[in-house]
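Report on one structure; see the data block that follows.
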Number of protein chains: 2
Amino acid sequence: MPHTSAAPSSAVQALSLLLGQVPHLTATDIQVFVAHWQKEVQLPRGEFLIRPGQAEHTLYFVHTGLLRIYFPTGAEEICVGFGYESSLICSFPSFVTGQPSEYGIQALRRSELLGISRTDFMAFVEQNANFARFWRAELERNLVGRIEREIDLLLPDPLHRYQRLLARSPQLFQRVPKKYIASYLRMTPETLSRLR
Amino acid sequence: MPHTSAAPSSAVQALSLLLGQVPHLTATDIQVFVAHWQKEVQLPRGEFLIRPGQAEHTLYFVHTGLLRIYFPTGAEEICVGFGYESSLICSFPSFVTGQPSEYGIQALRRSELLGISRTDFMAFVEQNANFARFWRAELERNLVGRIEREIDLLLPDPLHRYQRLLARSPQLFQRVPKKYIASYLRMTPETLSRLR
DNA sequence: CCAAATCCTTGATGGCAATCAAGATTTACC
DNA sequence: GGTAAATCTTGATTGCCATCAAGGATTTGG
């Protein structure tokens, strides 16, 4: 083992692993790319990655932990998504448009993340067809998922919404506090509890 | 005017106009591209572009008319989106994944469309960085819009949902029958009527 | 321009989930 | 491991939207 360079962090290794699954990306591509994920963040439980109204144009990789994305209405906060280990997370509209984020992102457990700036990330997408393909696949997967979810939200019957989510993401119910799932399912914690 | 080639159809002209707004696309790029939109469709009011369960992996350009995208539940159909003039429309999950469509698309007025197969379209995206950029921008715009919409659907109060949609898409209320808007807003036509 | 269908509105009633409340359980953190 | 906080469950009540129904307005298509 060479002593001249520091060993890559565990988070960088995990990110490299994720990228290794992308077709046609070379080891060199990945090595150069991960070097640009320079923003290391450690969040204790309850801490915020992004607060609503804040301009934060960073794409994050969740190495460990669990986060929720929420939208603050006047009265309450509604949960619109979660961030799991080994996935990407950001306030998407803010990341894409450059506007301040309407959403907040909060750690539900102690979480470790790696971040890359919008500028750096988009430079890779522009200059390398393989990264462009990767980002396009991310966008398509995300979009298909959101359309699925739109159905869930339109179903009038709380039981149907619960059953669809349970079928699609059973692991959610073992990791995320039920009250956030209830908000995500557009019902009160009491109603969710009675359905189970 | 040359007699050796047929004049481009009005639909092709409109599509070319839309593509002309894309940065870096050359006139030649556009000319070659639009030649692959070979599926011409004319739908009378009430007719279906795609029926649920059908495999239809075509991307459509709406030249004239108005369509609704809907999801059939056991009891009723819920409206998940609309297709306007000079915009693209498809059953997105089906177009991307190649699976049969869970959604239906129906003409609400007499509509004229142009279609391109998934295979042909993706070939352009793969081979030309400018088309890749165009498709990426489409995906990002679409995704941002869906996230906006997710908020609308999560708001518990029908009045708030109505107000948000009215602020974002006031033209909708002048073009689309209210009963479809009501379904889109997750409420009954009676409730929507009382809000106005 | 007319007839028929579709769509929109207004009213009365009932059901279901939100709300309020309290106790039980789990989880976090020192 | 022990204590405090957070979360989950169960129960009673209320309010709001869906449902059902009917009359009026608009649109469609010949």
Side-chain angles (χ1 to χ4, degrees), chain A residues 42-48 64-68 70 73-79 82 106-112 152-166 170-196, chain B residues 42-48 64-68 70 73-79 82 106-112 152-166 170-196:
Chain A
Q42 293 220 356
L43 296 175
R45 168 193 159 83
E47 201 49 55
F48 293 88
T64 63
L66 176 68
L67 306 95
R68 75 173 170 123
Y70 67 94
T73 70
E76 58 188 335
E77 295 171 349
I78 52 188
C79 190
F82 302 98
Q106 183 187 30
L108 297 180
R109 305 184 178 292
R110 184 173 190 286
S111 301
E112 294 179 44
D152 296 11
L153 289 176
L154 281 163
L155 293 174
D157 190 340
L159 178 61
H160 291 152
R161 299 201 297 277
Y162 167 69
Q163 287 172 338
R164 272 183 69 102
L165 184 63
L166 190 62
Q171 77 291 356
L172 206 72
F173 292 84
Q174 285 153 359
R175 297 198 266 185
V176 178
K178 309 278 177 298
K179 68 169 183 172
Y180 297 116
I181 298 181
S183 170
Y184 186 71
L185 280 172
R186 185 169 58 80
M187 63 184 74
T188 61
E190 291 91 333
T191 299
L192 178 58
S193 176
R194 282 182 240 271
L195 290 178
R196 287 156 39 91
Chain B
Q42 293 220 358
L43 296 175
R45 169 192 158 84
E47 201 48 57
F48 293 89
T64 63
L66 176 67
L67 305 96
R68 73 173 173 125
Y70 68 94
T73 69
E76 58 188 334
E77 295 171 347
I78 52 187
C79 189
F82 302 97
Q106 184 188 28
L108 297 181
R109 304 183 179 292
R110 184 173 190 287
S111 302
E112 294 178 43
D152 296 10
L153 290 175
L154 281 163
L155 293 174
D157 190 340
L159 178 60
H160 291 153
R161 299 201 297 277
Y162 167 69
Q163 287 172 338
R164 272 182 69 101
L165 184 62
L166 189 61
Q171 77 290 0
L172 206 72
F173 292 84
Q174 285 154 358
R175 297 199 266 186
V176 178
K178 308 279 177 297
K179 67 170 183 171
Y180 297 117
I181 297 181
S183 170
Y184 186 71
L185 280 173
R186 184 167 59 76
M187 63 184 75
T188 60
E190 291 92 335
T191 299
L192 178 58
S193 176
R194 284 184 236 273
L195 289 179
R196 286 156 39 90

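A note on names: the letters A, B, ... follow the listed sequences, proteins ahead of strands, and every chain is numbered from 1.
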Next item on the list: Describe the nucleic acid contact of P156(B) in one word from base, sugar-phosphate, nothing, applying a heavy-atom distance below 4.0 Å.
Entry: nothing
Item checked: Integer-rounded Å distance: dC16(C) C1' and R186(B) CZ -> 14 Å
Checklist line | Atom-to-atom span, NZ of K178(B) to P of dT6(C) - whole angstrom | finding: 18 Å
Notebook entry, point to check: Can you check the R68(B) CZ to dC7(C) P distance for me, whole Å?
Noted result: 10 Å
Next item on the list: Using whole Å, report how far CD of Q174(B) lies from C1' of dC7(C).
Entry: 17 Å
Checklist line | Aromatic ring pairing Y184(B)/F82(B), orientation class (parallel under 30°, perpendicular over 60°, tilted between) | finding: tilted
Check: Given dT10(D), dC17(D), dT9(C), which nucleotide is nearest the side-chain atoms of D157(B)?
Finding: dC17(D)
Item checked: Nearest to side-chain heavy atoms of R194(A), which nucleotide of dA17(C), dA12(D), dT9(D) -> dA12(D)
Notebook entry, point to check: How long is the line joining CG of L154(A) and P of dA18(D), in whole Å?
Noted result: 13 Å
Item checked: Contact under 4.0 Å: T188(A) side-chain N or O vs dA18(C) OP1/OP2 -> yes
Notebook entry, point to check: Within this structure, what is the CD-to-C1' distance between E76(A) and dT19(C), rounded to whole angstrom?
Noted result: 12 Å
Check: Of the nucleotides dA28(C), dT10(C), dT19(C), which has the atom closest to the E190(B) side chain?
Finding: dT10(C)
Margin query: If you compare every side-chain N and O of T191(A) against the phosphate oxygens of dC16(C) (OP1, OP2), does one of them come in below 4.0 Å?
Written below: no
Note to self: What is the separation between atom CG on L195(B) and atom P on dC8(C), rounded to the nearest whole Å?
What the structure shows: 14 Å
Checklist line | Given dA18(D), dA21(C), dT9(C), the nucleotide with the shortest approach to the side chain of M187(B) | finding: dA18(D)
Next item on the list: Using atom types as modelled and distance alone, determine if a side-chain donor or acceptor of R161(A) lies under 3.5 Å from a backbone N or O of L155(A).
Entry: yes
Notebook entry, point to check: R109(B) has an atom CZ; how far is it from atom C1' of dT28(D), in whole Å?
Noted result: 11 Å
Margin query: Using a 4.0 Å heavy-atom cut-off, does R110(B) contact any base of the nucleic acid, only the sugar-phosphate backbone, or nothing at all?
Written below: nothing
Note to self: What verdict does the side chain to side chain contact (heavy atoms under 4.5 Å, CB included) test give for H160(A) and R164(A), after you've listed the backbone C-alpha separation in whole Å, the side-chain angles of each residue and the deciding distance to 0.1 Å?
What the structure shows: CA-CA 6 Å; H160(A) 291 152; R164(A) 272 183 69 102; 5.8 Å; no
Next item on the list: Look at K179(A) and dT7(D) and indicate whether a side-chain polar atom (N or O) is within less than 4.0 Å of OP1 or OP2.
Entry: yes
Notebook entry, point to check: Which distance, rounded to the nearest 0.5 Å, do you find between the CD of E112(B) and the CG of L43(B)?
Noted result: 10.0 Å
Next item on the list: Report the residue (R45(B) or L192(B)) whose heavy-atom-nearest nucleotide on DNA chain C is the more 5′ of the two.
Entry: R45(B)
Next item on the list: Would you give the length of the straight line joining atom OH of Y162(A) to atom CG of L185(A), rounded to the nearest 0.5 angstrom?
Entry: 9.0 Å
